[in-house]
Amino acid sequence: MRGWAQRLDQSRVRSRADKTELLPLPKAIRDALSLEYHLQLEALRAGAGSLTALRILLRVAMAAAMLRELGYGGQHLHASDEYERIAGNAYESGEEGRYGFDPAAFRVFAALVTDHDSQLETAPVRMIDIVARQLERPGAAQ
């Protein structure tokens with residue numbers, strides 16, 4: 001009897017975890033991620049962005065594209081090579097520690113970050129976790 005009760009408890013815990021993975025990210029986590037992305041974008045708009053800011057926004061572009069492939073929004077996204085081209089231009093025209101976006105580049109990335117905010121509101125934790133794991137693999141986004 002004891003083994004049965006323990007298995008039932010384990011089943012309940014797994015069931016709760018499975019249900020949690022189907023929910024969107026908690027609002028506090030979404031807000032923290034969004035704030036980070038928007039701050040990096042603003043730094044680039046002001047011409048005070050870092051190489052890290054460029055990398056973070058390119059990872060956002062990759063994550064947004066992956067979530068779109070999984071069926072979670074992203075209708076207004078550009079092709080990955082467009083984001084890479086824009087980031088490359090900012091890198092080439094900047095100097096170490098001070099990179100920036102021109103107004104057109106800023107608008108493209110602002111639309112990306114806004115679209116990704118919407119994706120994070122609707123995509124379940126499980127899908128976001130899958131995307132995050134893919135981005136963490138060697139050779140993904142450096």
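Starting from 1, each residue takes its place in the sequence as its number.
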Measuring from atom CG of L54 to atom CZ of R59, what distance do you get when rounded to the nearest 0.5 angstrom? 14.0 Å

R45: side chain to side chain donor-acceptor pair (under 3.5 Å) partners, not counting sequence neighbours: E42

Using every non-hydrogen atom in the two residues, find where A63 and L135 come nearest and quote the distance to one decimal. CB-CD1, 3.8 Å

Nearest non-hydrogen partners of A64 and L112, listed with the distance: CB-CD1, 3.9 Å

To the closest 0.5 Å, what do you measure between CG (L57) and CG (L44)? 6.0 Å

Those residues that, when tested against Y72, pass ring-ring contact (aromatic ring centres under 6.0 Å, His included) (two or more places apart): none

Under a single-linkage definition using a 4.5 Å side-chain heavy-atom cutoff for Ile, Leu, Val, Met, Phe, Trp and Tyr, are L39 and L41 assigned to the same hydrophobic cluster? no

side-chain contact (heavy atoms from CB on, under 4.5 Å) against E36, all qualifying residues, sequence neighbours excluded: Q40, I56

Tell me every residue that passes side chain to side chain donor-acceptor pair (under 3.5 Å) with D117, counting only those two or more places apart in sequence or in another chain. S34, H38

Shortest non-hydrogen contact between L67 and A123, atoms and distance: CD2-CB, 4.0 Å

List the atom pairs, donor and acceptor, that lie under 3.5 Å between side-chain atoms in residues 84-91 and the rest of the protein, sequence neighbours left out.
residue : atom : partner : partner atom : Å
R85     : NE   : E82     : OE1          : 3.4
R85     : NH2  : E82     : OE2          : 2.8

Atom CD in E121, atom NZ in K27: separation rounded to 0.5 Å? 7.5 Å

Decide side-chain contact (heavy atoms from CB on, under 4.5 Å) for I130 and R133; before the verdict, give the C-alpha distance in whole Å, the side-chain angles of both, and the deciding distance to 0.1 Å. CA-CA 5 Å; I130 288 169; R133 288 174 194 250; 5.9 Å; no

H78 meets the ring-ring contact (aromatic ring centres under 6.0 Å, His included) criterion, sequence neighbours left out, with Y83

Pair L58, M62 - check side-chain contact (heavy atoms from CB on, under 4.5 Å), show working. CA-CA 6 Å; L58 285 174; M62 293 173 62; 5.6 Å; no

Side-chain polar contacts of residues 97-106 - donor-acceptor pairs under 3.5 angstrom, sequence neighbours left out - could you list them?
residue : atom : partner : partner atom : Å
D102    : OD1  : A104    : N            : 3.1
D102    : OD1  : A105    : N            : 2.7

Any pair with a residue in residues 103-116 that passes side chain to side chain donor-acceptor pair (under 3.5 Å), sequence neighbours left out, goes on the list, sorted by first then second residue, please. H116-Q119

